[in-house]
Amino acid sequence: MTARARAPVVQLRQLRRLTLDDLAGARLPAAFFAEDSVTVARTLIGCVLVHRDRAGVVVETEAYLGPADLASHARFGPTARTSVMFGPGGVSYVYLCYGVHQMFNIVTGGEGEGQAVLIRAIAPYLGLPDDSAVGRGPGKVTQALALDRRHDRRDLARGDLFVAAPVAAPRIARGPRIGVAYAGAWADRPLRFWWRDHPAVSRTPPRRR
DNA sequence: GCGGGGATTAACT
DNA sequence: GTTAATCCCCGCG
């Protein structure tokens, strides 16, 4: 094993450093989330997810396309849990996975479309330990930002849970979504996006040569 | 109601 | 690589 030494390190000074007040002033409007989930998933990388006095830079996302997407909770149509996905974009969807972990999603697109984006990893930005592990993985994102199902169905255009404009313009990679093997051909579609070489990304596939 | 299973994680062998 | 933890959603009867 030779070239394993090159540990990718993202320099903090690559990021614009903003205060909580700055972030509040840079809040993304509802229109940002009215785009399709693939566009939102890609453009969210480098944006800042803020909850109260904690914030992380989004480094990994997944797009879920709607009822036809067999990996999506929307595949059963609107239910008591998922009806929020069929509302307008810009609203949170938080659910419990494996009885243990909370998953934070943002509904995208328009009324009735059933699209959403899962936030799979964040890098510490404000109010968090300077350790890439704290937001590495979807269950860790909610843990780091103290989010749970009480934060389901929040309007991100108002209140203390929101997304702020990008603080970086990283190189972005894409590949198949994680943990959706049950979804047949949908499992292979490249609907996962991540900040290339960022240490907070939950899993890094072998680099092509 | 019942039963199967999950957009995960950490701690095993 | 394998497995337990642990809850509740969803389809079906």
Side-chain angles (χ1 to χ4, degrees), chain A residues 1 33 36-45 47 49 51 56 58-87 89 91-109 113-124 128-129 131-154 156 161 163 172-195 198-206:
Chain A
M1 213 58 189
F33 302 102
D36 65 278
S37 61
V38 172
T39 298
V40 175
R42 187 174 54 234
T43 53
L44 271 178
I45 306 294
C47 292
L49 179 59
H51 178 220
V58 177
V59 300
E60 180 183 351
T61 60
E62 283 177 355
Y64 288 84
L65 272 47
D69 178 355
L70 296 182
S72 175
H73 289 178
R75 67 188 181 278
F76 300 117
T79 65
R81 179 177 59 159
T82 64
S83 60
V84 63
M85 296 179 79
F86 291 85
V91 178
S92 63
Y93 167 48
V94 183
Y95 70 92
L96 185 64
C97 186
Y98 292 98
V100 177
H101 305 287
Q102 319 279 336
M103 303 280 132
F104 178 78
N105 304 257
I106 301 173
V107 178
T108 73
E113 294 179 8
Q115 301 187 50
V117 171
L118 170 68
I119 309 300
R120 282 195 55 92
I122 57 173
L128 295 173
D131 175 357
S132 289
V134 300
R136 186 190 293 144
K140 301 300 236 21
V141 169
T142 53
Q143 188 182 325
L145 295 180
L147 296 170
D148 58 42
R149 280 174 298 167
R150 291 172 303 183
H151 303 92
D152 188 29
R153 299 172 184 249
R154 295 279 185 96
L156 303 187
L161 173 60
V163 181
I172 295 173
R174 68 185 292 178
R177 294 172 293 186
I178 304 296
V180 295
Y182 57 85
W186 284 90
D188 300 323
R189 300 198 34 178
L191 297 175
R192 172 176 176 240
F193 297 86
W194 67 92
W195 182 326
H198 197 291
V201 170
S202 65
R203 309 193 202 180
T204 313

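Chain A is the first sequence line, chain B the second, and so forth, proteins listed ahead of strands; every chain is numbered from 1. Keep in mind that what you see is a predicted model, and the values were worked out from it rather than measured.
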Exercise. Taking the side chain of A:Tyr93 as heavy atoms from C-beta outward, which of C:dC8, B:dA7, B:dG6 is closest to it?
Worked result: B:dA7

Problem set entry | A:Ser83 and A:Arg153 side chains, donor-acceptor separation under 3.5 Å | yes

Problem set entry | Residue-phosphate contact under 4.0 Å: A:Arg149 side-chain N/O, C:dC7 OP1/OP2 | no

Seminar exercise, completed: Of the listed B:dT8, C:dT6, B:dA7, the closest approach to the A:Val100 side chain comes from C:dT6

Seminar exercise, completed: Here the distance between atom P of C:dT6 and atom OH of A:Tyr95, to the nearest Å, is 19 Å

Problem set entry | Closest to the A:Lys140 side chain, choosing from C:dC8, B:dT9, B:dG6 | B:dT9

Exercise. Base, sugar-phosphate alone, or nothing: which one does A:Leu96 contact when heavy atoms must sit under 4.0 Å apart?
Worked result: sugar-phosphate

For this session: Provide, to the nearest angstrom, the distance between the CZ atom belonging to A:Arg177 and the P atom belonging to B:dT8.
Result: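 Answer to the nearest Å: 11 Å.
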
Exercise. Could you give the distance from CZ (A:Arg203) to CZ (A:Arg136), rounded to the nearest 0.5 Å?
Worked result: 12.5 Å

For this session: Using atom CD of A:Glu60 as one end and atom P of B:dT8 as the other, report the distance to the nearest whole Å.
Result: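 In whole Å, B:dT8 P and A:Glu60 CD are 10 Å from each other.
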
For this session: Using heavy atoms to find the nearest nucleotide of DNA chain B for A:Gln143 and A:Tyr182 separately, return the residue whose nucleotide is more 5′.
Result: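 Between the two, 5'-proximity favours A:Tyr182.
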
Exercise. Any idea which of C:dC10, B:dA7, B:dT9 is nearest the A:Thr79 side chain?
Worked result: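 Selected nucleotide: C:dC10.
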
Seminar exercise, completed: When both distances are under 3.5 Å in a Watson-Crick or G-U wobble arrangement, the nucleotide paired with C:dT6 is none

For this session: Identify the nucleotide, in any strand shown, that forms a Watson-Crick or G-U wobble pair with B:dA7, with both distances under 3.5 Å; if there is none, say none.
Result: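 Paired with no nucleotide.
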
Problem set entry | Short side-chain N/O contact from A:Arg81 to OP1 or OP2 of C:dC10, under 4.0 Å |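 Checking A:Arg81 against C:dC10: at least one side-chain N or O falls below 4.0 Å of OP1 or OP2.
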
Exercise. To the nearest angstrom, how far is A:Leu70 atom CG from C:dG11 atom P?
Worked result: 13 Å

Problem set entry | A:Phe104 vs A:Leu49 side-chain heavy atoms within contact, under 4.5 Å |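 When only atoms from C-beta onward are counted, A:Leu49 and A:Phe104 do touch, with a gap below 4.5 Å.
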
Exercise. What's the OH-C1' distance between A:Tyr98 and B:dA7, to the nearest Å?
Worked result: 8 Å

Problem set entry | Exercise: identify the closest heavy-atom pair between A:Ile106 and A:Val163 | CD1-CG2, 3.9 Å

Exercise. Could you give the CG-to-C1' distance, from A:Asn105 to B:dG6, as a whole number of Å?
Worked result: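 Rounded to the whole Å, the gap is 14 Å.
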
Problem set entry | Euclidean distance, atom NE2 of residue A:His101 to atom P of B:dA11 [Å, nearest integer] | 11 Å

Exercise. A:Phe76 side chain: which of C:dG11, C:dC8, B:dT9 is closest?
Worked result: C:dG11

Problem set entry | Minimum-distance nucleotide (side-chain atoms of A:His73 versus B:dA7, C:dC8, B:dT9) | B:dA7

For this session: Nearest whole angstrom, please: distance from the C1' of B:dT9 to the CZ of A:Arg203.
Result: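 Rounding to the nearest Å, CZ of A:Arg203 and C1' of B:dT9 are 10 Å apart.
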
Exercise. Do A:Arg81 and A:Tyr93 come within less than 4.5 Å of each other through their side chains, counting heavy atoms only?
Worked result: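 Yes. Closest side-chain heavy atoms under 4.5 Å.
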
Exercise. Can you name the closest pair of heavy atoms from A:Ser202 and A:Ala121 and give their distance?
Worked result: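 So the minimum-distance heavy-atom pair works out to N-CB, 4.4 Å.
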
Exercise. Below 4.0 angstrom from OP1 or OP2 of B:dT9, is there any side-chain N or O of A:Arg136?
Worked result: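 Result: no.
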
